[in-house]
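Just so you know, these numbers use all the heavy atoms, side chains as well, and skip hydrogens, waters and symmetry mates. Letters A, B, ... are given to chains in the order of the sequence lines, protein chains preceding strands, and every chain is numbered from 1.
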2 protein chains.
Amino acid sequence: MNLNEKTKRAGDLRQTLISAGIELLQSGGANALTLRKCAARAGVSHAAPAHHFDGIEGLLTAIAARGHEMFAATMLAHLSRASNLNRDRLYSICEGYLEFSASNQALYGLMFNSGQIDFCDPDLGSKSHASFEILEQCCAPLRDTNTGPLTLEITIWSLLHGYCSFTKKAREGSPKHPANRIPFQQLFDYVVPSN
Amino acid sequence: MNLNEKTKRAGDLRQTLISAGIELLQSGGANALTLRKCAARAGVSHAAPAHHFDGIEGLLTAIAARGHEMFAATMLAHLSRASNLNRDRLYSICEGYLEFSASNQALYGLMFNSGQIDFCDPDLGSKSHASFEILEQCCAPLRDTNTGPLTLEITIWSLLHGYCSFTKKAREGSPKHPANRIPFQQLFDYVVPSN
DNA sequence: CAATCACCTTGACACTGTCAAGTTGTAAAA
DNA sequence: TTTTACAACTTGACAGTGTCAAGGTGATTG
């Protein structure tokens, strides 16, 4: 009848639990995500998730992996709307990054700022690697011969990550925080040569 | 007799609890830090902290504030050993940043990657502002007229923050992660004009 | 001397993650 | 067909967590 029933019919409670977890993150933030609440939202008992994940860490890791799929999709969506200019393409990736982190704050925090997930997980590893590859492919044409390989990628990635961290702190905390005056484009212009 | 007794004599259980929390972070990571364990380590009952902090969030916020004091001290220690060159001075700040994050991983995570502290807290605000001011003062002489105010500061701060995040993920997760091949100095050279 | 009050303790509560044992339905094996 | 095996899920229990209400204690103050 309802969604849960239908999803369970398909036999993949695993996917249902991951979706439930993401919904909990979206609606109630990081503290709302609980193994038992995930189970309840999926319509199963509190011990059911143990048959599909290795404890809470396993569930959170699987949620983060799903998050990386969404993350990559958001960046690719922005990329598809960019011009042919290499610099525009890289900037559109950045816009996708910022949009994802703004629209999925708790999920983004779980993926990038959490000590609760298992970075050794191969599924998480391959999906996060796929995200990074999108960035790499947009950086490649912009590299000049002076800078070492990956320098631009790491710089952009770090800049985005740090910028999100700043704006988040500025949003939640003191509004006098300097970061909320600086648009990302200003940092991008500073870091990426605009030949 | 022991340290707890002596500290409690002085009347500041608050400071004792903060110290206990930092010790727990150092020895057992983020998951080892608990309100009840803090109380036990300080030699008081599990409900005692409530008289000094506003719940667990208040305790974590106070620990983060203390962390920012240590953070600023580490950067200043590195700065004192730098040459007179402005660029060296800024780089020494960065070294201090990286040393602090490497030597106090869980505490650093609580301060910068945690959704569990109250960024509105005035004490935390002033102490984290003091840390940022150290960076600001070292950036000021390096600004050229083209770049907007704070652009260099935010760039360096974000780069450091992102770099720590990368190296942490590379350390815990897949050793094939690209970040662990890139020394920070390479990023610094790329971002900071070198004349 | 009595009252006040900051500080701490005790005990309880709901909630969390995890484990062991039991139930059910399905699919393979006899 | 009957039996067996097994995977998926439930139930119930456990220690640990944060938080609250009530009570005790000792120093300060009127």
inquiry  = If the helix axis at each end comes from five base pairs, how far does the helix from dC1(C)-dG30(D) to dA30(C)-dT1(D) deviate from straight, to 10°?
reply    = 10°
message = Tell me every residue that passes salt bridge (charged side-chain N to carboxylate O under 4.0 Å, His left out) with E69(A), counting only those two or more places apart in sequence or in another chain.
response = K127(A)
task = For S101(A), check side-chain contact (heavy atoms from CB on, under 4.5 Å) against everything at least two apart and list the hits.
result = Y108(A), C164(A)
Gap between atoms CD and P, on Q116(B) and dT17(D) respectively (whole Å) = 14 Å
ask   = Using a cut-off of less than 4.0 Å, is there contact between a side-chain N or O of T34(A) and OP1 or OP2 of dT16(C)?
value = yes
request  = Answer with yes or no whether the hydrophobic clustering places L85(A) together with L142(A); edges join I, L, V, M, F, W, Y residues whose side-chain heavy atoms lie under 4.5 Å apart.
outcome  = no
task = Take the protein atom CZ of F53(B) and the nucleotide atom C1' of dG18(D), then report the distance between them rounded to whole Å.
result = 15 Å
Protein-nucleotide distance (R14(B), atom CZ; dA6(C), atom C1'), rounded to Å = 16 Å
ask   = How would you list, by chain and number, every residue that makes a side-chain hydrogen bond (donor to acceptor under 3.5 Å, both in side chains) with E133(A), sequence neighbours excluded?
value = none
Let me check something: any side-chain donor-acceptor pairs from residues 110-121 of chain A under 3.5 Å, sequence neighbours excluded? List them with distances.
{"unit_1": "N113(A)", "atom_1": "OD1", "unit_2": "H161(A)", "atom_2": "NE2", "d": "3.3"}
{"unit_1": "S114(A)", "atom_1": "OG", "unit_2": "Q116(A)", "atom_2": "N", "d": "2.9"}
{"unit_1": "D118(A)", "atom_1": "OD1", "unit_2": "C120(A)", "atom_2": "N", "d": "3.1"}
{"unit_1": "D121(A)", "atom_1": "OD2", "unit_2": "D123(A)", "atom_2": "N", "d": "3.2"}
{"unit_1": "D121(A)", "atom_1": "OD2", "unit_2": "L124(A)", "atom_2": "N", "d": "2.9"}

request  = For N31(B) and dG18(D), give me the distance from atom CG to atom C1', rounded to whole Å.
outcome  = 16 Å
Expected rows: protein N/O vs nucleotides 18-22 of chain C N/O, under 3.5 Å:
{"unit_1": "dT18(C)", "atom_1": "OP2", "unit_2": "I56(A)", "atom_2": "N", "d": "2.9"}
{"unit_1": "dT18(C)", "atom_1": "O4", "unit_2": "R36(A)", "atom_2": "NH1", "d": "3.3"}

inquiry  = Going by the rule side-chain hydrogen bond (donor to acceptor under 3.5 Å, both in side chains), which residues pair with S19(B) if we only count those two or more places apart in sequence or in a different chain?
reply    = R66(B)
ask   = Considering residues at least two apart in sequence or located in another chain, which fulfil the side-chain contact (heavy atoms from CB on, under 4.5 Å) criterion with Q105(A)?
value = R171(A)
key: Pairs satisfying salt bridge (Lys or Arg N to Asp or Glu O under 4.0 Å), at least one member in residues 140-154 of chain A, at least two apart   = R143(A)-E153(A)
key: Nearest-Å distance for atom pair NZ/P, residues K37(B) and dA15(D)   = 16 Å
